[in-house]
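See structure below.
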Amino acid sequence: MGDFLIADRDRSVCVTGMGWTTALGDDVDAVWKQLMNGGSGVRALPGDGGPSAPAAAFLPDGGPAGPPSERHVSLAVATAAATLRDAGCPASEVGTLVLGSSLGPHLDDAADISPHTLTATVAARLGVARSASVSTACSSGADAVLAGAALISGGEADRCLCGGIDLLTEGKLLGHRALGTLSASGTVRPFGTDRDGTVFGEGAGFLLLESRAAARARGARILGEVRGWGASNDGTGPTAPDESGAGAVLAVRRALARGGAKARDIAVINAHGTGTRANDTAEAACYRTVFGPGSDAVVFATKPAFGHTLGATGAMEAIALLLALRHRAVPPVPTTRTVMPELPLPLAADGPRDITGSLGISVTLGFGGFNTCLLLARAEGEAA
């Protein structure tokens, strides 16, 4: 394995808390067990799905009540608070909240409140002094983690609470139906030869990031590390990705370089895996370029279980990747029956798979050409 580029080990970025709210529930370990058993929160909608979609992955209890903005803030606060409890860290000791969302409830709330105002409201309710808002379409949650890691690595913060959130609204569903991204069958089939689109979901995910020095100072349990990160933009159009995968390749290679890792060091990949023709084509092309044939990295995807949670997806998938590294196994992708030949890596389509190695990457590819890659490491030794 490569020599990791950590100039100051005390500034290395550790994950000390995780929390999510998903279509399968909000208990981290219980949801992981459901994922490993092939569970899914995707449900057919009544009739023809109304004006929006044939299926979706809504929160099991309907989520918070109220107008869209209040639902957004309430879910973010509840999930973030659960993350702080998991970390055993009071909000008063967190310097910065970084929250990503795909414009939040901007399309549907009559109040027309900006995502930045909503993030500041979440921070105030939690008791976190400083906040930053990220909106890079489907890469928002991953970019929030990237931003927090950069702040800690650069010495600008000791602790950052980072996450993503999106709730389903009629405006979002109608917009994506018009774009033709939704699955007519109501099933997400990542990298399947018969893939026909995605299914949307709602949820939130947060990670508490700390410098190693800060985590040690309070005796924190370390769940993993953010070893590297990389981002790029295709610049090819407002929605369609560059099907050559060149932009995604750049993001992945930047993340590997920052973490001092090689492609051969990667044991597992949490793919964006939307099940759309264009996105899966671009992502498979990226993996062909970066990894080539013969790699042992195992690919999995959580959208068949959670739906595509838009701005929340990158944070939720980072949690899933850390859990895979911890348990040394990946959940199945049971909806994919025949894997597209363009994907050069093994996909966990036929059941859970064991993995070896301590490094994984999580890849998100958002509308507007936003590509983000997080390089995560399993906690080892004293950190476990």
Side-chain angles (χ1 to χ4, degrees), residues 18-26 28 31-32 34-35 39-43 52-53 55-64 68 71-72 74-76 78-80 82-83 99-108 115 134-145 162-173 175-176 181-183 186-188 190 197-207 270-276 279 300-321 323 331 333 335 362-367 370 372 374:
M18 302 188 300
W20 59 14
T21 305
T22 79
L24 290 175
D26 58 10
V28 171
V31 170
W32 177 252
Q34 292 187 69
L35 287 175
S40 175
V42 175
R43 300 288 182 268
S52 54
F58 289 99
L59 298 181
D61 60 357
R71 294 184 68 227
H72 179 100
S74 295
L75 182 64
T79 310
T83 302
L99 182 56
S101 181
S102 183
L103 290 180
H106 187 69
L107 293 173
D108 296 81
V134 178
S135 190
T136 49
C138 308
S139 289
S140 299
D143 282 333
V145 176
C162 307
I165 177 174
D166 255 307
L167 288 163
L168 287 178
T169 63
E170 197 62 23
K172 289 176 182 175
L173 290 168
H176 282 278
T181 58
L182 297 181
S183 165
T187 305
V188 187
T198 200
V199 171
F200 283 109
E202 56 186 356
F206 283 83
L207 300 93
N270 189 334
H272 195 53
T274 62
T276 59
N279 192 103
F300 77 105
T302 58
K303 288 180 177 63
F306 297 151
H308 189 338
T309 55
L310 300 171
T313 192
M316 293 171 67
E317 290 174 355
I319 294 171
L321 177 58
L323 291 170
V333 188
T335 54
S362 181
V363 177
T364 52
L365 310 177
F367 273 3
F370 293 105
T372 304
L374 299 174

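Values reported hereafter were calculated over all heavy atoms of this structure, with side chains retained and with hydrogens, waters and symmetry mates removed. FYI, the numbering just counts along the sequence from 1. Keep in mind that what you see is a predicted model, and the values were worked out from it rather than measured.
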Applying side chain to side chain donor-acceptor pair (under 3.5 Å) between Lys303 and each of Thr198, Thr309, Thr274, Thr313, report the one that passes. Thr313

Does any N or O in the side chain of Thr22 come within less than 3.5 Å of the main-chain N or O of Gly203, such that one atom is a donor and the other an acceptor? no

Heavy atoms of Ser102 and Ser140 approach each other most closely as N-OG, 4.1 Å

Taking all non-hydrogen atoms of both residues, which atom of Gly41 and which atom of Ala23 are closest, and how far apart? CA-CB, 3.9 Å

Do side-chain atoms of Asn270 reach the backbone of Glu317 as a donor and acceptor pair under 3.5 angstrom? yes

Please tell me if the side chains of Val145 and Leu207 come closer than 4.5 Å, counting only heavy atoms from C-beta onward. yes

Sequence neighbours left out, what passes side-chain hydrogen bond (donor to acceptor under 3.5 Å, both in side chains) with Thr364? Give chain and number order. Ser139

Sequence neighbours excluded, which residues qualify as ring pair (Phe, Tyr, Trp, His ring centres under 6.0 Å) partners of His308? Phe200, His272

Under 3.5 Å, is there a donor-acceptor pair between the side chain of Thr83 and the main chain of Gly19? yes

So do the side chains of Thr335 and Pro190 get within less than 4.5 Å of each other, counting heavy atoms only? yes

Intermediate values then yes/no, side-chain contact (heavy atoms from CB on, under 4.5 Å), Thr136 and Thr372: CA-CA 10 Å; Thr136 49; Thr372 304; 5.6 Å; no

Ring pair (Phe, Tyr, Trp, His ring centres under 6.0 Å) filter on Phe206, not counting sequence neighbours, yields none

Can you check whether Pro304's main-chain N or O pairs, donor with acceptor, with Ser40's side chain at less than 3.5 Å? yes

Got Leu75 and Glu202 here, is their nearest side-chain heavy-atom distance under 4.5 Å? no

Would you say Ser135's side chain and Ser101's backbone share a donor-acceptor pair under 3.5 angstrom? yes

How long is the gap from CG on Leu168 to CG on Leu59, to the nearest 0.5 Å? 8.0 Å

